[in-house]
A.B. asks: 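Pasting a structure below so you can have a look.
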Amino acid sequence: MKWLVAKRVSQIRILEAARVLRAGGLVVMPTETVYGLAADAFDPCAVRRVFELKGRPSFDPLIVHVLDTAQLVTVARAVPASVRRLIDAFWPGPLTLVLPRRAALPAGVTAGLATVAVRMPRHPVARRLLRAFGGPIAAPSANRFGRISPTSAAAVQKEFGADTPPVLDAGPCFHGVESTIVRPSRGGFEILRPGAVTDAQIARATGRRVWLRGPRPPTAHPEAPGLLRQHYAPSRPVRILRPGWRSSPPRFRGRDALLAFREGIECFPGVVRVLSRRGSLREAARNLYRLLRQLDESGARRIFVEEVPAGGVGSAINDRLRRAAGVGDRPGG
Ligand code: TXA
Ligand code: MG
């Protein structure tokens, strides 16, 4: 799929990256959602390096990326029939499945959980790396823990500076928000993190009930720490603007910044960025993290973000906006 790759990556670079992974090192891998910090999923030391570089708490498990179902069965013990429908419909693609794990998988990858989160990426460069390496790749988003996920090589560089591992730069990511995380449960599917695949798409493909997980009381061992209240966050304070705010706006100041969904903002005193001029949710998702980063770096004192319409990938965007603001305990509403 041509539209997924803005920049060519030579086969020599892919083979070099595979060699780094085999030697227990890390590389940065483009995917169709966001860039990932990649390690050999079966090398416990390499996996530990991922946690160290991200500053990620050891209770927060990683996603394992597989090339095909042959690799899938090396990490997952069982694939329920209901989940096969999801695999047929959405793999390769931005859908992560939570499945019973195989004991051979190092415990660090899954943070000691009995399940593994696994996905088959669609991005051709990720697939070429998986093929060249020849095994499953553990890869969280390539950002420091709790921060905004990177959707370009430049954003990865900003996260890790001189510590940045070799980056396979394939240009901007197509979806721009992370994969949807789904767990089979009580005859249906529970969405642990809304993402690029929508709940409606899952319901349509499977004919089963699909629901977004509601708020959980905080525990020491969250089942999906991506659901932590404060996550995907800029360094500046973020404030949500609810629908209808334009008719009675808060009092803005000169050093405020605004991330608007679509055009039509008048008289804002500070920097304004627009997610999608034509009001497309897909385009908004693609631009979300790049523009949030720009505003974060603009010297703004506060960043106001406008909620987007709730349909489709809108619930993933609003989920990330709320988490950026530190109020994200009720996804998808
Ligand atoms: O789009 C994506 O999913 C990107 C690209 C690189 O693939 N990856 C990504 O990974 O967003 P990360 O580590 O930033 O987020 C993984 C999320 C975390 O919230 C983690 O808690 C959850 O997946 N997770 C991992 N294993 C899990 C499990 N066994 N059960 C429930 N949640 C799990
Ligand atoms: Mg992440």
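Because the structure is a prediction, the values reported are computed rather than measured. We count ligands from 1, going down the list as the structure has it; atoms in each ligand are counted the same way.
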A.B. asks: Any idea which atoms of ligand 1 are less than 4.0 Å away from a heavy-atom of I63?
C.D. replies: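 It comes down to these atoms of ligand 1: 3 (O), 8 (N), 9 (C), 10 (O), 16 (C), 23 (O).
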A.B. asks: Going from OH on Y35 to OG on S141, what distance comes out if it is rounded to the nearest 0.5 angstrom?
C.D. replies: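 Interatomic distance, Y35 OH to S141 OG, rounded to 0.5 Å: 14.0 Å.
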A.B. asks: For L192, take its heavy atoms, then give the atoms of ligand 1 lying under 4.0 Å from any of them.
C.D. replies: 31 (C)
A.B. asks: Identify whether NZ of Lys or CZ of Arg in R183 sits under 6.0 Å from the centre of the six-membered ring of F189 and within 45° of that ring's axis.
C.D. replies: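 No, R183 does not lie over the aromatic ring of F189.
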A.B. asks: Quick check against the 3.5 Å criterion: does K54 have a side-chain atom that pairs as donor or acceptor with the backbone of N143?
C.D. replies: yes
A.B. asks: Below 4.0 Å from ligand 1: does a non-hydrogen atom of T110 turn up there or not?
C.D. replies: no
A.B. asks: Could a heavy atom of R193 be found less than 4.0 Å from some atom of ligand 1?
C.D. replies: yes
A.B. asks: Which of the atoms of ligand 1 are close to G36, meaning less than 4.0 Å from one of its heavy atoms?
C.D. replies: 6 (C)
A.B. asks: Just jot down the ligand 1 atoms closer than 4.0 angstrom to any heavy atom of L113, in number order.
C.D. replies: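 Going through ligand 1 atom by atom, the ones under 4.0 Å from L113 are 28 (C), 29 (N), 30 (N).
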A.B. asks: Pick out which of R286, R127, R119 makes a salt bridge (charged side-chain N to carboxylate O under 4.0 Å, His left out) with E32.
C.D. replies: R119
A.B. asks: Testing the 3.5 Å rule here: is there a donor-acceptor pair between the side chains of T33 and S179?
C.D. replies: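 Their side chains do not contain a donor-acceptor pair, so the 3.5 Å distance test is not met.
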A.B. asks: Does M29 come within less than 4.0 Å of ligand 1, judged by its heavy atoms?
C.D. replies: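 Contact check M29 vs ligand 1: negative.
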A.B. asks: Heavy-atom distance to atom 33 (C) of ligand 1: which of P61, A114, S141 wins?
C.D. replies: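 Looking at heavy atoms only, P61 sits closest to atom 33 (C) of ligand 1.
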A.B. asks: Contact between H175 and ligand 1, counting heavy atoms under 4.0 Å?
C.D. replies: no
A.B. asks: I need the contact type for R183 against ligand 1. Using non-hydrogen atoms and a strict under-4.0 Å cut-off, is it side chain, backbone, both or neither?
C.D. replies: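 Answer for R183: neither.
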A.B. asks: Output yes when a side-chain donor or acceptor of S280 lies under 3.5 Å from a complementary backbone atom of E283, and no otherwise.
C.D. replies: yes
A.B. asks: Heavy-atom distances under 4.0 Å decide this one: backbone, side chain, both or neither, for V98 against ligand 1?
C.D. replies: side chain
A.B. asks: Less than 4.5 Å apart, any side-chain heavy atom of P269 and any of D256?
C.D. replies: no
A.B. asks: On a heavy-atom basis, I'd like to know which of I181, V182, T115 is closest to atom 17 (C) of ligand 1.
C.D. replies: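 That would be I181.
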A.B. asks: At under 4.0 Å between heavy atoms, which part of L62 makes contact with ligand 1: side chain, backbone, both or neither?
C.D. replies: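 Backbone only.
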A.B. asks: Please classify the H123 to ligand 1 contact at 4.0 Å (heavy-atom distances, strictly less than): side chain, backbone, both or neither.
C.D. replies: neither
A.B. asks: Going by the order shown, which atoms of ligand 1 are within less than 4.0 Å of some heavy atom of E178?
C.D. replies: 1 (O), 2 (C), 11 (O)
A.B. asks: Applying a 4.0 Å heavy-atom criterion (strictly less than), which segment of H65 is in contact with ligand 1: side chain, backbone, both, or neither?
C.D. replies: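 For H65, only side-chain atoms sit under 4.0 Å from ligand 1.
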A.B. asks: Can you tell which of V64, V28, T33 gets a heavy atom nearest to atom 1 (O) of ligand 1?
C.D. replies: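 Looking at heavy atoms only, T33 sits closest to atom 1 (O) of ligand 1.
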A.B. asks: Relative to W211, does R213 satisfy both conditions: NZ or CZ under 6.0 angstrom from the six-membered ring centre, and within 45 degrees of the ring's axis?
C.D. replies: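 No, cation not above the ring by the 6.0 Å, 45° rule.
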A.B. asks: Quick one: CZ on F42 to OG1 on T74, what's the gap to the nearest 0.5 Å?
C.D. replies: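 Output value for this atom pair is 4.5 Å.
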A.B. asks: Applying salt bridge (charged side-chain N to carboxylate O under 4.0 Å, His left out) as the test, list every pair that has at least one member in residues 99-109; sequence neighbours left out.
C.D. replies: none
A.B. asks: Indicate whether the side chain of Y289 and that of E178 have a donor and an acceptor atom separated by less than 3.5 Å.
C.D. replies: yes
A.B. asks: Would you tabulate the side-chain donor-acceptor contacts of residues 79-91 under 3.5 Å, counting partners in other chains and residues two or more places apart, or write 'none'?
C.D. replies:
residue: R84; atom: NH2; partner: V79; partner atom: O; Å: 3.3
residue: W91; atom: NE1; partner: L95; partner atom: O; Å: 2.8

A.B. asks: If you measure from the Lys or Arg side-chain nitrogens to the Asp or Glu carboxylate oxygens, is any gap between R236 and E297 under 4.0 Å?
C.D. replies: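 Judged by the 4.0 Å cut-off on N to carboxylate O distance, R236 and E297 do not form a salt bridge.
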A.B. asks: In ligand 1, which numbered atoms sit nearer than 4.0 Å to a non-hydrogen atom of S179?
C.D. replies: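 Atoms satisfying the 4.0 Å criterion: 1 (O), 2 (C), 3 (O).
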A.B. asks: Identify every side-chain donor-acceptor pair in residues 303-310 under 3.5 Å, counting partners at least two apart or on other chains, and give the distances.
C.D. replies:
residue: E306; atom: OE1; partner: R246; partner atom: NH2; Å: 3.1
residue: E306; atom: OE1; partner: F261; partner atom: N; Å: 2.7
residue: E306; atom: OE2; partner: W245; partner atom: NE1; Å: 2.9
residue: E306; atom: OE2; partner: R246; partner atom: NE; Å: 2.9
residue: E306; atom: OE2; partner: R246; partner atom: NH2; Å: 3.0
residue: E307; atom: OE2; partner: R322; partner atom: NE; Å: 3.4

A.B. asks: Checking the side chain of R293 only, and the main-chain atoms of L288 only, is there a donor and an acceptor separated by less than 3.5 Å?
C.D. replies: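 Flag not set: sc R293 to bb L288 has no pair under 3.5 Å.
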A.B. asks: Near the Mg ion (ligand 2), which protein N/O/S atoms fall under 2.8 Å?
C.D. replies: S141 OG
A.B. asks: Ligand 1 and D60, any nitrogen or oxygen pair closer than 3.5 angstrom?
C.D. replies: yes
